[in-house]
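Note on naming: letters A, B, ... go to the chains in the order of the sequence lines (proteins, then strands), and numbering restarts at 1 for each one. On a predicted model such as this, the values are computed, not experimentally measured, just so you know.
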Protein chains: 2
Amino acid sequence: MPSDTVIPIEIDLITALEDRGLRKTATRSTIVARIETANDAFTAEQLCRDLPGVGRATVYRTIRHLVDAGALCKLPILDGAPMYSIARVEHHHHTICSKCGTIGEFRDSTVERVMRSLGKEIDGDIVGHRMEIFITCNRCLGISKSGASIA
Amino acid sequence: MPSDTVIPIEIDLITALEDRGLRKTATRSTIVARIETANDAFTAEQLCRDLPGVGRATVYRTIRHLVDAGALCKLPILDGAPMYSIARVEHHHHTICSKCGTIGEFRDSTVERVMRSLGKEIDGDIVGHRMEIFITCNRCLGISKSGASIA
DNA sequence: TACGTTTCTGATACTTGATATCAATACGCG
DNA sequence: CGCGTATTGATATCAAGTATCAGAAACGTA
Ligand SMILES: [Mn+2]
Ligand SMILES: [Mn+2]
Ligand SMILES: [Zn+2]
Ligand SMILES: [Zn+2]
(Lines give C-alpha, C1' and ligand atoms only; values in the text may rest on other atoms or scores of the structure.)
(Ligands and ions follow the chains in the order given, each with its own letter.)
Protein backbone atom coordinates (compact mmCIF):
# COMPACT_ATOMS: atom_id res chain seq x y z
CA MET A 1 0.00 0.00 0.00
CA PRO A 2 2.45 2.69 -1.09
CA SER A 3 0.98 5.98 -0.01
CA ASP A 4 3.79 8.15 -1.29
CA THR A 5 1.30 9.85 -3.56
CA VAL A 6 -0.18 12.31 -1.13
CA ILE A 7 -2.76 14.37 -2.91
CA PRO A 8 -2.90 17.71 -1.19
CA ILE A 9 -6.10 19.70 -1.51
CA GLU A 10 -4.56 22.28 -3.76
CA ILE A 11 -6.06 25.66 -3.09
CA ASP A 12 -5.19 28.42 -5.47
CA LEU A 13 -5.39 31.56 -3.43
CA ILE A 14 -5.25 33.87 -6.42
CA THR A 15 -8.23 32.06 -7.90
CA ALA A 16 -10.08 32.46 -4.63
CA LEU A 17 -9.61 36.20 -5.06
CA GLU A 18 -10.61 36.22 -8.72
CA ASP A 19 -13.73 34.27 -7.85
CA ARG A 20 -14.71 37.19 -5.70
CA GLY A 21 -14.39 39.58 -8.63
CA LEU A 22 -11.01 40.92 -7.55
CA ARG A 23 -8.35 41.64 -10.13
CA LYS A 24 -5.29 39.47 -10.55
CA THR A 25 -2.47 41.88 -9.88
CA ALA A 26 1.28 41.52 -9.57
CA THR A 27 1.21 42.52 -5.91
CA ARG A 28 -1.47 40.00 -5.03
CA SER A 29 0.43 37.28 -6.83
CA THR A 30 3.53 38.14 -4.83
CA ILE A 31 1.70 37.97 -1.53
CA VAL A 32 -0.10 34.77 -2.39
CA ALA A 33 3.10 33.13 -3.59
CA ARG A 34 4.76 33.86 -0.27
CA ILE A 35 1.85 32.33 1.61
CA GLU A 36 1.64 29.25 -0.58
CA THR A 37 5.33 28.42 -0.74
CA ALA A 38 6.04 28.94 2.97
CA ASN A 39 2.92 26.89 3.65
CA ASP A 40 2.90 27.68 7.33
CA ALA A 41 0.91 29.86 9.68
CA PHE A 42 1.97 33.50 9.68
CA THR A 43 1.13 36.92 11.02
CA ALA A 44 0.44 39.99 8.91
CA GLU A 45 3.61 41.63 10.17
CA GLN A 46 5.69 38.60 9.17
CA LEU A 47 4.35 38.97 5.67
CA CYS A 48 5.22 42.66 5.64
CA ARG A 49 8.77 41.86 6.70
CA ASP A 50 9.13 39.12 4.10
CA LEU A 51 7.82 41.32 1.30
CA PRO A 52 9.61 44.63 1.67
CA GLY A 53 8.44 45.89 -1.70
CA VAL A 54 4.78 45.55 -0.80
CA GLY A 55 2.92 48.19 1.18
CA ARG A 56 1.53 47.24 4.57
CA ALA A 57 -1.94 48.40 3.63
CA THR A 58 -1.98 46.02 0.70
CA VAL A 59 -0.76 43.14 2.82
CA TYR A 60 -3.52 43.70 5.36
CA ARG A 61 -6.13 44.22 2.65
CA THR A 62 -5.17 41.07 0.80
CA ILE A 63 -5.24 38.99 3.95
CA ARG A 64 -8.70 40.32 4.73
CA HIS A 65 -9.89 39.41 1.23
CA LEU A 66 -8.55 35.90 1.62
CA VAL A 67 -10.21 35.47 5.00
CA ASP A 68 -13.49 36.78 3.59
CA ALA A 69 -13.14 34.31 0.74
CA GLY A 70 -12.71 31.52 3.26
CA ALA A 71 -9.28 30.70 1.88
CA LEU A 72 -7.45 31.63 5.07
CA CYS A 73 -8.22 30.86 8.70
CA LYS A 74 -7.75 33.68 11.14
CA LEU A 75 -6.70 32.37 14.51
CA PRO A 76 -6.74 34.58 17.60
CA ILE A 77 -3.59 34.40 19.68
CA LEU A 78 -4.10 35.36 23.30
CA ASP A 79 -1.03 37.53 23.60
CA GLY A 80 -0.20 38.71 20.15
CA ALA A 81 -1.33 39.31 16.63
CA PRO A 82 -3.68 36.80 15.03
CA MET A 83 -2.14 34.10 12.87
CA TYR A 84 -3.34 32.99 9.48
CA SER A 85 -3.11 29.67 7.72
CA ILE A 86 -4.43 28.28 4.49
CA ALA A 87 -7.85 26.71 5.05
CA ARG A 88 -7.45 23.22 3.70
CA VAL A 89 -10.69 21.80 4.97
CA GLU A 90 -14.09 23.35 5.35
CA HIS A 91 -14.49 23.30 9.10
CA HIS A 92 -11.69 22.30 11.41
CA HIS A 93 -9.80 23.16 14.56
CA HIS A 94 -6.25 24.02 15.41
CA THR A 95 -3.41 22.75 17.51
CA ILE A 96 -0.96 25.32 18.79
CA CYS A 97 2.41 24.34 20.18
CA SER A 98 2.88 26.31 23.39
CA LYS A 99 6.65 26.21 22.96
CA CYS A 100 7.24 27.15 19.33
CA GLY A 101 3.85 28.42 18.20
CA THR A 102 3.54 26.00 15.31
CA ILE A 103 -0.06 25.61 14.23
CA GLY A 104 -1.66 22.43 12.96
CA GLU A 105 -5.14 21.57 11.78
CA PHE A 106 -7.41 18.68 12.58
CA ARG A 107 -10.95 17.52 12.17
CA ASP A 108 -12.76 15.24 14.53
CA SER A 109 -16.31 14.09 14.25
CA THR A 110 -16.71 13.51 17.99
CA VAL A 111 -16.00 17.18 18.61
CA GLU A 112 -18.76 18.13 16.21
CA ARG A 113 -21.12 15.59 17.77
CA VAL A 114 -20.53 17.04 21.22
CA MET A 115 -21.24 20.48 19.83
CA ARG A 116 -24.60 19.39 18.54
CA SER A 117 -25.54 17.74 21.83
CA LEU A 118 -24.53 20.88 23.75
CA GLY A 119 -27.34 22.72 22.00
CA LYS A 120 -29.76 21.51 24.66
CA GLU A 121 -27.70 22.76 27.58
CA ILE A 122 -26.79 26.14 26.19
CA ASP A 123 -29.08 29.14 26.39
CA GLY A 124 -29.75 30.65 22.99
CA ASP A 125 -29.09 29.36 19.49
CA ILE A 126 -25.67 27.98 18.68
CA VAL A 127 -24.35 29.59 15.51
CA GLY A 128 -20.78 28.30 15.57
CA HIS A 129 -17.85 27.30 17.66
CA ARG A 130 -14.12 27.43 17.85
CA MET A 131 -11.66 25.22 19.58
CA GLU A 132 -7.92 25.13 19.98
CA ILE A 133 -5.79 22.45 21.51
CA PHE A 134 -2.53 23.53 23.08
CA ILE A 135 0.22 21.01 22.68
CA THR A 136 3.91 20.46 22.94
CA CYS A 137 4.68 19.43 19.40
CA ASN A 138 6.77 16.39 18.56
CA ARG A 139 9.65 18.53 17.43
CA CYS A 140 9.69 20.46 20.71
CA LEU A 141 9.38 17.20 22.63
CA GLY A 142 12.41 15.93 20.75
CA ILE A 143 14.31 19.07 21.51
CA SER A 144 13.47 19.02 25.20
CA LYS A 145 14.24 15.31 25.43
CA SER A 146 17.70 15.72 23.97
CA GLY A 147 18.19 18.82 26.04
CA ALA A 148 19.53 20.54 22.95
CA SER A 149 18.71 24.10 22.10
CA ILE A 150 18.22 25.50 18.62
CA ALA A 151 18.80 29.18 19.24
CA MET B 1 -36.84 20.54 45.68
CA PRO B 2 -36.61 24.29 46.06
CA SER B 3 -33.34 25.33 44.55
CA ASP B 4 -33.78 29.04 45.08
CA THR B 5 -30.75 29.02 47.32
CA VAL B 6 -28.08 29.36 44.72
CA ILE B 7 -24.72 29.51 46.43
CA PRO B 8 -22.44 31.53 44.20
CA ILE B 9 -18.77 30.80 44.44
CA GLU B 10 -17.85 34.10 46.01
CA ILE B 11 -14.45 35.16 44.87
CA ASP B 12 -12.87 38.10 46.55
CA LEU B 13 -10.62 39.62 43.95
CA ILE B 14 -8.74 41.81 46.37
CA THR B 15 -7.93 38.73 48.44
CA ALA B 16 -6.68 37.01 45.33
CA LEU B 17 -4.22 39.87 44.95
CA GLU B 18 -3.19 39.86 48.61
CA ASP B 19 -2.60 36.13 48.42
CA ARG B 20 0.01 36.90 45.81
CA GLY B 21 1.80 39.26 48.17
CA LEU B 22 0.43 42.41 46.58
CA ARG B 23 -0.64 45.34 48.72
CA LYS B 24 -4.24 46.28 49.27
CA THR B 25 -4.41 49.79 47.93
CA ALA B 26 -7.24 52.25 47.38
CA THR B 27 -6.79 52.12 43.61
CA ARG B 28 -6.91 48.34 43.50
CA SER B 29 -10.02 48.32 45.65
CA THR B 30 -11.68 50.75 43.26
CA ILE B 31 -10.86 48.63 40.22
CA VAL B 32 -11.92 45.40 41.87
CA ALA B 33 -15.18 46.92 43.13
CA ARG B 34 -16.06 47.96 39.59
CA ILE B 35 -15.40 44.45 38.29
CA GLU B 36 -17.31 42.73 41.06
CA THR B 37 -20.39 44.92 41.07
CA ALA B 38 -20.84 45.05 37.30
CA ASN B 39 -20.29 41.31 37.32
CA ASP B 40 -20.04 41.07 33.57
CA ALA B 41 -17.34 40.57 31.00
CA PHE B 42 -15.37 43.71 30.18
CA THR B 43 -12.42 45.07 28.27
CA ALA B 44 -9.51 46.97 29.76
CA GLU B 45 -10.59 50.12 27.95
CA GLN B 46 -14.10 49.88 29.36
CA LEU B 47 -12.60 49.83 32.82
CA CYS B 48 -10.49 52.86 32.03
CA ARG B 49 -13.57 54.74 30.86
CA ASP B 50 -15.58 53.73 33.93
CA LEU B 51 -12.81 54.75 36.31
CA PRO B 52 -11.61 58.14 35.12
CA GLY B 53 -9.57 58.77 38.25
CA VAL B 54 -7.44 55.68 37.74
CA GLY B 55 -4.43 55.63 35.45
CA ARG B 56 -4.53 53.34 32.43
CA ALA B 57 -1.25 51.73 33.40
CA THR B 58 -2.69 50.72 36.74
CA VAL B 59 -5.83 49.33 35.15
CA TYR B 60 -3.81 47.18 32.78
CA ARG B 61 -1.40 46.13 35.52
CA THR B 62 -4.18 45.13 37.89
CA ILE B 63 -5.95 43.12 35.24
CA ARG B 64 -2.73 41.30 34.51
CA HIS B 65 -2.26 40.52 38.19
CA LEU B 66 -5.78 39.14 38.42
CA VAL B 67 -5.29 36.98 35.36
CA ASP B 68 -1.99 35.70 36.73
CA ALA B 69 -3.76 34.91 39.99
CA GLY B 70 -6.34 32.91 38.06
CA ALA B 71 -9.12 35.17 39.29
CA LEU B 72 -9.97 36.50 35.84
CA CYS B 73 -10.35 34.70 32.50
CA LYS B 74 -8.82 36.41 29.52
CA LEU B 75 -10.79 35.67 26.39
CA PRO B 76 -9.40 36.49 22.95
CA ILE B 77 -11.86 38.26 20.70
CA LEU B 78 -11.10 37.80 17.04
CA ASP B 79 -11.64 41.41 16.03
CA GLY B 80 -11.04 43.46 19.09
CA ALA B 81 -9.51 43.72 22.51
CA PRO B 82 -9.61 40.68 24.77
CA MET B 83 -12.44 40.47 27.27
CA TYR B 84 -12.13 39.53 30.90
CA SER B 85 -14.56 37.87 33.27
CA ILE B 86 -14.40 36.64 36.83
CA ALA B 87 -13.32 33.00 36.86
CA ARG B 88 -16.04 31.32 38.83
CA VAL B 89 -15.05 27.75 38.12
CA GLU B 90 -11.70 26.16 37.74
CA HIS B 91 -11.81 25.09 34.12
CA HIS B 92 -14.64 26.09 31.83
CA HIS B 93 -15.55 27.42 28.42
CA HIS B 94 -17.35 30.43 27.10
CA THR B 95 -20.37 31.29 25.06
CA ILE B 96 -20.22 34.51 23.08
CA CYS B 97 -23.31 36.11 21.62
CA SER B 98 -22.47 37.09 18.05
CA LYS B 99 -25.01 39.91 18.16
CA CYS B 100 -24.36 41.66 21.47
CA GLY B 101 -21.06 40.19 22.64
CA THR B 102 -22.41 38.96 25.96
CA ILE B 103 -20.20 36.28 27.40
CA GLY B 104 -21.37 33.28 29.40
CA GLU B 105 -19.57 30.40 31.04
CA PHE B 106 -20.27 26.70 31.03
CA ARG B 107 -18.73 23.42 31.98
CA ASP B 108 -19.44 20.15 30.28
CA SER B 109 -17.88 16.83 31.09
CA THR B 110 -18.39 15.43 27.59
CA VAL B 111 -16.20 18.18 26.21
CA GLU B 112 -13.46 17.22 28.60
CA ARG B 113 -13.91 13.54 27.78
CA VAL B 114 -13.53 14.23 24.08
CA MET B 115 -10.40 16.20 24.81
CA ARG B 116 -8.84 13.26 26.58
CA SER B 117 -9.74 10.87 23.79
CA LEU B 118 -8.26 13.23 21.21
CA GLY B 119 -4.87 12.69 22.77
CA LYS B 120 -4.39 9.58 20.65
CA GLU B 121 -5.07 11.33 17.37
CA ILE B 122 -3.06 14.47 17.97
CA ASP B 123 0.67 14.66 17.40
CA GLY B 124 2.52 15.79 20.48
CA ASP B 125 1.44 16.15 24.10
CA ILE B 126 -1.79 17.96 24.85
CA VAL B 127 -1.20 20.58 27.53
CA GLY B 128 -4.54 22.38 27.40
CA HIS B 129 -7.41 23.49 25.28
CA ARG B 130 -9.82 26.33 24.74
CA MET B 131 -13.26 26.39 23.28
CA GLU B 132 -15.84 29.02 22.56
CA ILE B 133 -19.39 28.56 21.42
CA PHE B 134 -20.89 31.36 19.38
CA ILE B 135 -24.55 31.85 20.03
CA THR B 136 -27.43 34.20 19.56
CA CYS B 137 -28.40 34.77 23.16
CA ASN B 138 -31.96 34.55 24.40
CA ARG B 139 -32.21 38.28 24.82
CA CYS B 140 -31.08 38.90 21.25
CA LEU B 141 -33.46 36.20 20.03
CA GLY B 142 -36.28 37.97 21.85
CA ILE B 143 -35.28 41.27 20.34
CA SER B 144 -35.09 39.91 16.83
CA LYS B 145 -38.38 38.03 17.27
CA SER B 146 -40.26 41.12 18.34
CA GLY B 147 -38.47 43.08 15.66
CA ALA B 148 -37.85 45.80 18.22
CA SER B 149 -34.58 47.66 18.45
CA ILE B 150 -32.94 48.83 21.65
CA ALA B 151 -30.67 51.53 20.32
C1' DT C 1 -3.61 48.15 -29.71
C1' DA C 2 -5.38 52.13 -27.79
C1' DC C 3 -8.69 54.00 -24.57
C1' DG C 4 -11.46 54.99 -20.67
C1' DT C 5 -13.26 53.39 -16.55
C1' DT C 6 -12.55 51.16 -12.49
C1' DT C 7 -9.75 48.94 -9.31
C1' DC C 8 -5.63 48.74 -6.97
C1' DT C 9 -1.41 50.36 -4.69
C1' DG C 10 1.49 52.26 -1.18
C1' DA C 11 3.30 56.43 1.30
C1' DT C 12 1.58 58.73 4.95
C1' DA C 13 -1.12 59.98 8.73
C1' DC C 14 -3.92 58.33 12.16
C1' DT C 15 -6.31 55.23 15.64
C1' DT C 16 -6.38 51.96 19.19
C1' DG C 17 -4.57 48.84 22.57
C1' DA C 18 -0.94 48.16 25.48
C1' DT C 19 3.72 48.68 27.71
C1' DA C 20 8.09 51.34 29.57
C1' DT C 21 9.73 55.13 32.47
C1' DC C 22 10.12 57.35 36.56
C1' DA C 23 9.25 61.01 40.08
C1' DA C 24 5.84 61.41 43.51
C1' DT C 25 2.87 58.89 46.67
C1' DA C 26 0.91 55.33 49.55
C1' DC C 27 1.41 50.85 52.25
C1' DG C 28 2.39 48.43 56.03
C1' DC C 29 5.66 46.75 59.32
C1' DG C 30 8.16 47.62 63.34
C1' DC D 1 5.22 57.69 63.82
C1' DG D 2 8.99 56.65 60.42
C1' DC D 3 11.21 53.99 57.04
C1' DG D 4 11.87 50.99 53.05
C1' DT D 5 9.45 49.15 49.48
C1' DA D 6 5.55 48.77 46.47
C1' DT D 7 2.39 51.37 43.89
C1' DT D 8 0.68 55.00 41.10
C1' DG D 9 -0.24 57.72 37.00
C1' DA D 10 1.39 61.29 33.64
C1' DT D 11 3.89 60.79 29.82
C1' DA D 12 6.33 58.77 26.17
C1' DT D 13 6.60 55.03 23.41
C1' DC D 14 5.40 50.92 20.96
C1' DA D 15 2.64 47.77 18.06
C1' DA D 16 -1.09 46.37 15.19
C1' DG D 17 -4.12 47.86 12.11
C1' DT D 18 -7.08 51.35 9.36
C1' DA D 19 -8.25 55.74 6.57
C1' DT D 20 -6.79 58.71 2.86
C1' DC D 21 -5.83 59.71 -1.63
C1' DA D 22 -2.94 60.70 -5.70
C1' DG D 23 -0.75 57.97 -9.04
C1' DA D 24 -0.38 53.27 -11.33
C1' DA D 25 -2.19 49.14 -13.09
C1' DA D 26 -5.93 46.11 -14.78
C1' DC D 27 -9.18 44.97 -18.18
C1' DG D 28 -13.51 45.37 -21.01
C1' DT D 29 -14.38 47.51 -25.19
C1' DA D 30 -13.71 49.37 -29.66
MN1 LIG E 1 -15.45 22.15 14.95
MN1 LIG F 1 -12.54 22.41 28.63
ZN1 LIG G 1 6.61 23.16 19.04
ZN1 LIG H 1 -26.91 38.68 22.60
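Counting only heavy atoms from C-beta outward, the side chains of M131(B) and R130(A) never approach each other to under 4.5 Å.
Connectivity analysis of hydrophobic side chains (ILVMFWY, heavy atoms under 4.5 Å, direct or indirect) links L75(B) to V127(A), I77(B), M83(B), I96(B), I103(B), F134(B).
Pairing each heavy atom of A41(B) with each of Q46(B), the nearest pair is O-OE1, 4.1 Å.
The stretch residues 52-70 of chain A participates, sequence neighbours left out, in these salt bridge (charged side-chain N to carboxylate O under 4.0 Å, His left out) pairs: E45(A)-R56(A). Within the structure, ring-ring contact (aromatic ring centres under 6.0 Å, His included) pairs that include any residue of residues 59-83 of chain A do not occur (at least two apart or interchain). Applying the salt bridge (charged side-chain N to carboxylate O under 4.0 Å, His left out) test to residues at least two apart or on different chains, the pairs with a partner in residues 75-84 of chain A are D79(A)-K74(B). Among residues at least two apart or in separate chains, ring-ring contact (aromatic ring centres under 6.0 Å, His included) pairs with a member in residues 13-56 of chain B are F42(B)-Y84(B).
Checking side-chain atoms of E36(B) against main-chain N and O of L13(B) turns up a donor-acceptor pair under 3.5 Å. Side-chain N or O atoms of N138(A) include one that pairs as donor or acceptor with a backbone N or O of G124(B) at under 3.5 Å. T58(B) places no side-chain N or O within donor-acceptor distance of the main-chain N or O of V54(B), the cut-off being under 3.5 Å.
Residues passing the side chain to side chain donor-acceptor pair (under 3.5 Å) test with D125(A): none are found, sequence neighbours excluded.
For residues 53-66 of chain A, proximity to DNA chain C is found at G53(A), V54(A), G55(A), A57(A), T58(A), R61(A), defined as any non-hydrogen atom under 4.0 angstrom from a strand atom. Interface residues of residues 40-50 of chain B facing DNA chain C, ordered by number: A44(B), E45(B); criterion, heavy-atom separation under 4.0 Å. Of all the residues in residues 17-33 of chain A, L22(A), R23(A), T25(A), T27(A), R28(A) reach under 4.0 Å from DNA chain C with at least one non-hydrogen atom.
An end-to-end axis angle of 30° holds for the helix from dT1(C)-dA30(D) to dG30(C)-dC1(D), taken from five base pairs per end and rounded to 10°.
Reading DNA chain C from its 5' end, the first and the last nucleotide to sit under 4.0 Å from a heavy atom of chain B are dG17(C) to dG28(C).
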**Check against side-chain contact (heavy atoms from CB on, under 4.5 Å), I35(A) and L66(A)** = CA-CA 11 Å; I35(A) 296 173; L66(A) 290 167; 4.0 Å; yes
Would you list the atom pairs, donor with acceptor, under 3.5 Å between side chains in residues 19-29 of chain A and any protein atom, with sequence neighbours excluded?
from	atom 1	to	atom 2	distance (Å)
T25(A)	OG1	R28(A)	N	3.1
R28(A)	NH1	R23(A)	O	2.9
S29(A)	OG	T25(A)	O	3.0

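Open room surrounds CD on E90(A); 12 or fewer heavy atoms of other groups in view lie less than 6.0 Å from it.
With ring centers used as reference points, H129(A) lies 6.0 Å or more from H93(B).
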